[in-house]
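What you see is a predicted model, and the numbers here were worked out from it, not measured in a lab.
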Amino acid sequence: MKQYKLKQQQVCLDNFKIDYQNELNKEQLDVVLNGEGPCLVLAGAGSGKTRTLVYRVAYLVEKGIDPKNILLVTFTNKAAKEMLNRVEVLLKCQPKGLWGGTFHHIGNIILRRYAKNLGYDNKFTILDQEDSKTLLKAVMGELNLNYKDKYFPKADVIQNIISFSQNSQKPISEVIELKYSYLDPKLILVIETINKAYQKKKLKTNVMDFDDLLINWLKLLKKDKTVKKRLANQFKYILVDEYQDTNKIQSEIIKELGAAHNNVLVVGDDCQSIYSFRAADINNILSFPKNFKGAKIFKIETNYRSSPEILNLANESIANNLNQYQKALNTIIDHKQKPALVALRDGEQQAHFVCQRILELQEEGISLKDMAVLFRSSFQALEMELELNKRNIPYQMRGGIKFFEQAHIKDVVAYLKIINNWQDELSWKRVLLLYEGIGPANAQIIWQEISKLASIKSAAEQLVRIPAGFKVLRSLEKLNGLLKFLLETHEDFIASSIRQILKADYEDYLKANFENAKDRLEDLNQLANFALQYEKLEDFLSDVTLSEGFKGESVEGYKEGPDEALILSTIHQAKGLEWKYLFVIGLVEGQFPHYKIYDHPEEIEEERRLFYVAVTRAKDELYLTYPIISFSFTTGQNINKPSQFIAELDDSLFEPWQVDENGENYEDDEDEDEDIIDFDKSHPKRPRGAKKLRKHEFLSSVTYEDLDDGY
């Protein structure tokens, strides 16, 4: 038998010392050596905050602090593992007993010990998101609610309302008014009743969902003074990463745990607080000195990521926010070119420009994985995805799925596919399943009847003659009326067909089935606007199909394509990442900043923080682009106003690029030659020409006279 010996884990050597002065800059060193008592560390983008935290933990262990008295809290399992591994590497040993992990992970460990104090058994089960929805459905069934109705809010919508209410510590009525105002006010009482029953059910069946790991942890600390004293005495040093992303519960937990020793060191950047939609509360970091008396404030402002030119632009932009700690990033990186500001005629030309520039960078030897395109909302990438597919540029959608592969887009497109090809079985079944009373079995029966007919017109007429129950028949009557309308209008005006689909029933279906119904509705409105440029339905569907992968809707962990691929991402998903070459597109008022600020002007500062996060992802080159013209089904052709995040910057911070696609020769214009991008003419759907823009011209008011007669 083969013998295998396990090596003994290394014990930290007393004679091993880290050379902190040589391995840290002055700002980081100050935190590591002087982080006693309550400390707020304001760590700017790319300033090495993780390095600072890791060295602080190592310093405490070196000083003789027992690792079991140190609590290191992060926001993701990946970040927790990375930090703990780096501490081991740094100390050249395993600091046995060190508490490290996410808030939920630590909460689970503590509740396993003290669950009985709250009426739970220590062997409670943790519900994942699907389990939570299943339990909610069971509760709704016990309450005799007609939750199977396709227009009754689905379990995941109710789950999100309850979750946001718990994490933000706001009543359900306020959450619905704030985030789900489109729901019938009568549903407030219904959802409150469901929530009460859901909470009782969890306790009775000895289960907790993810939110309970925080809520019950805080409840334990407030309810049981003995447990609070024991834990507060144990955790002599508490370190928290990404403090700007904490919610009210997490902030309260840290406050309770830090009561005994007051050694609470939190690291964050108020300028990167962009997750209020997840109940993150920027006031936690802004009010830290008030909540922790005598707090020291450290600033880490040396950036190791971006060029001086990029940071100058970022600093001036964020300086327009009033509610913040004053700081300014500086860098050790050599000077590069100024950020480019590029005004394009419309979204199609914007995509054309970005793709051509990407191919040029590739020819210069730059890898696709070193480039990214960021945007405020997913619909802004619509034209980009089409252009990337036409040019065979591989790309991945970061943290989500491609625009045309989203369920709501495929649903609406399925209606149009039926009109274009009435024998499309998959599209018929997808549409039928959207209607009340129609499940897979009924959809199959209805399709068999449709498949016997000779045309889409006869199919529409025969729908109401198919033998069926009352609910199904009522749904088929609705579908029949909608199909008749679509048959009359689709060839002339595809956009009106999309609008009619929404108006007929699909908008109500969205509100009942998706917690982000507003965003999905916005996507579909933009799809209608995009369709305005098509005269034939078959052309529209052909372009759409170029971007369809039929992968289904799966946001978490969605990946496809080769490793060598361009990244497309919303800015929220890009936080914490970096690229050498970065394009931020769609910088127009109403898109970025989002139009929600017109109703909620107080949200402008978070929108500006989002812009700050976007530009600080860039290392070497930054391209800021926006379309001058957009098209709307309701208002027609619009002249866009450049984003205020651009207009409020001094024009010395960027270099305007002038775009030409008319094939004119500018070789004699020596002063402007290098600013001109000459589009190639091989593009299969080259947009019509736009008048060449002079420097700074695009920041002044633009009129129709600035455009060619083609418009």
Side-chain angles (χ1 to χ4, degrees), residues 9 57 65-85 87-88 94-136 138 159 162-163 166-167 169 195 198-242 246-261 263-264 279:
Q9 291 182 343
V57 173
I65 303 299
D66 192 327
K68 72 181 181 183
N69 296 136
I70 301 171
L71 173 63
L72 175 61
V73 189
T74 64
F75 268 80
T76 66
N77 290 316
K78 181 181 177 183
K81 288 176 183 176
E82 180 189 350
M83 285 195 184
L84 293 174
N85 287 339
V87 169
E88 275 190 52
Q94 185 182 59
K96 198 170 182 181
L98 175 66
W99 285 66
T102 65
F103 274 96
H104 293 84
H105 173 74
I106 303 297
N108 176 48
I109 294 173
I110 289 171
L111 289 171
R112 292 290 173 191
R113 296 182 180 181
Y114 301 108
K116 289 182 179 179
N117 300 40
L118 298 174
Y120 283 86
D121 186 272
N122 291 353
K123 295 183 179 180
F124 63 84
T125 302
I126 299 174
L127 301 177
D128 62 19
Q129 199 166 13
E130 280 303 313
D131 292 335
S132 173
K133 284 192 287 187
T134 301
L135 189 62
L136 271 172
Q159 180 189 56
I162 292 172
S163 179
Q166 300 274 53
N167 285 293
Q169 298 289 278
N195 182 38
Y198 175 62
Q199 303 304 334
K200 288 180 181 178
K201 188 83 167 178
K202 286 187 292 181
L203 183 59
K204 183 179 179 180
T205 56
N206 198 42
V207 299
M208 296 186 195
D209 60 27
F210 286 139
D211 295 332
D212 290 326
L213 297 177
L214 301 182
I215 293 162
N216 288 333
W217 183 7
L218 180 59
K219 191 183 293 183
L220 177 70
L221 294 173
K222 287 183 175 290
K223 179 182 177 181
D224 195 316
K225 301 301 179 186
T226 303
V227 172
K228 174 186 171 180
K229 185 177 180 181
R230 186 178 301 156
L231 291 173
N233 281 328
Q234 177 183 344
F235 297 129
K236 295 178 180 178
Y237 289 90
I238 300 170
L239 302 93
V240 187
D241 189 20
E242 302 284 13
T246 54
N247 59 35
K248 286 190 175 182
I249 300 172
Q250 292 161 332
S251 177
E252 282 294 310
I253 288 171
I254 296 303
K255 198 172 178 180
E256 295 288 332
L257 289 177
H261 299 285
N263 286 318
V264 177

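What you find for P67 and P95 is that their closest heavy atoms are CB-O, 3.7 Å. Nearest approach of G101 to I106, heavy atoms of both residues: N-CD1, 4.1 Å. Across M83 and D241, no two heavy atoms sit closer than the pair CE-OD2, 3.2 Å. The minimum heavy-atom distance between V73 and T102, with the atom names listed, is CG1-C, 4.2 Å. What you find for N167 and A279 is that their closest heavy atoms are CB-CB, 3.8 Å.
When atom types are taken as modelled, the side chain of N206 and the backbone of D121 share a donor-acceptor pair closer than 3.5 angstrom. Proximity of a side-chain donor or acceptor of D212 to a complementary backbone N or O of I215 within less than 3.5 Å is not detected. Distance alone, capped at 3.5 Å, is enough to place a donor-acceptor pair between the Q250 side chain and the N247 backbone.
In this structure, H105 NE2 and W99 CH2 are separated by 8.5 Å, a value rounded to the nearest 0.5 Å. Atom-to-atom distance recorded for T76:OG1 and E82:CD is 8.5 Å, nearest 0.5 angstrom. Here the CD atom belonging to Q159 is positioned 6.5 Å from the OH atom belonging to Y198, to the nearest 0.5 angstrom. Of the inter-residue distances, the one linking L239 atom CG with I70 atom CD1 reads 7.5 Å to the nearest 0.5 angstrom. Atom CG of N216 is separated from atom CD1 of I110 by 12.5 Å, given to the nearest 0.5 angstrom. Interatomic distance, K222 NZ to K228 NZ, rounded to the nearest 0.5 Å: 7.5 Å.
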Could you walk me through whether V207 and K202 pass the side-chain contact (heavy atoms from CB on, under 4.5 Å) check?
CA-CA 5 Å; V207 299; K202 286 187 292 181; 3.9 Å; yes
Stepwise side-chain contact (heavy atoms from CB on, under 4.5 Å) test for N108 and F124:
CA-CA 10 Å; N108 176 48; F124 63 84; 3.7 Å; yes
Which is it for L111 and L118 under the side-chain contact (heavy atoms from CB on, under 4.5 Å) test, yes or no, and what are the steps along the way?
CA-CA 9 Å; L111 289 171; L118 298 174; 4.0 Å; yes
Decide side-chain contact (heavy atoms from CB on, under 4.5 Å) for Y237 and V57; before the verdict, give the C-alpha distance in whole Å, the side-chain angles of both, and the deciding distance to 0.1 Å.
CA-CA 9 Å; Y237 289 90; V57 173; over 6 Å; no
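The closest side-chain heavy-atom distance from L257 to Q234 is not below 4.5 Å. Looking at heavy atoms from C-beta onward, T246 lies in side-chain contact with F103 at the 4.5 angstrom threshold. Within the 4.5 Å cutoff, the side chain of R230 has no heavy atoms near those of the R113 side chain. The closest side-chain heavy-atom distance from H104 to L214 is below 4.5 Å. In this structure the side chain of N233 reaches within 4.5 angstrom of the side chain of H261, judged on heavy atoms. Side-chain contact check for F210 versus I126: some heavy-atom pair is nearer than 4.5 Å. By the 4.5 Å heavy-atom criterion applied to side chains, Q169 and E252 are not counted as neighbours.
Residue-environment remark: NZ (K236) stays at or below the threshold of 12 foreign heavy atoms within 6.0 Å.
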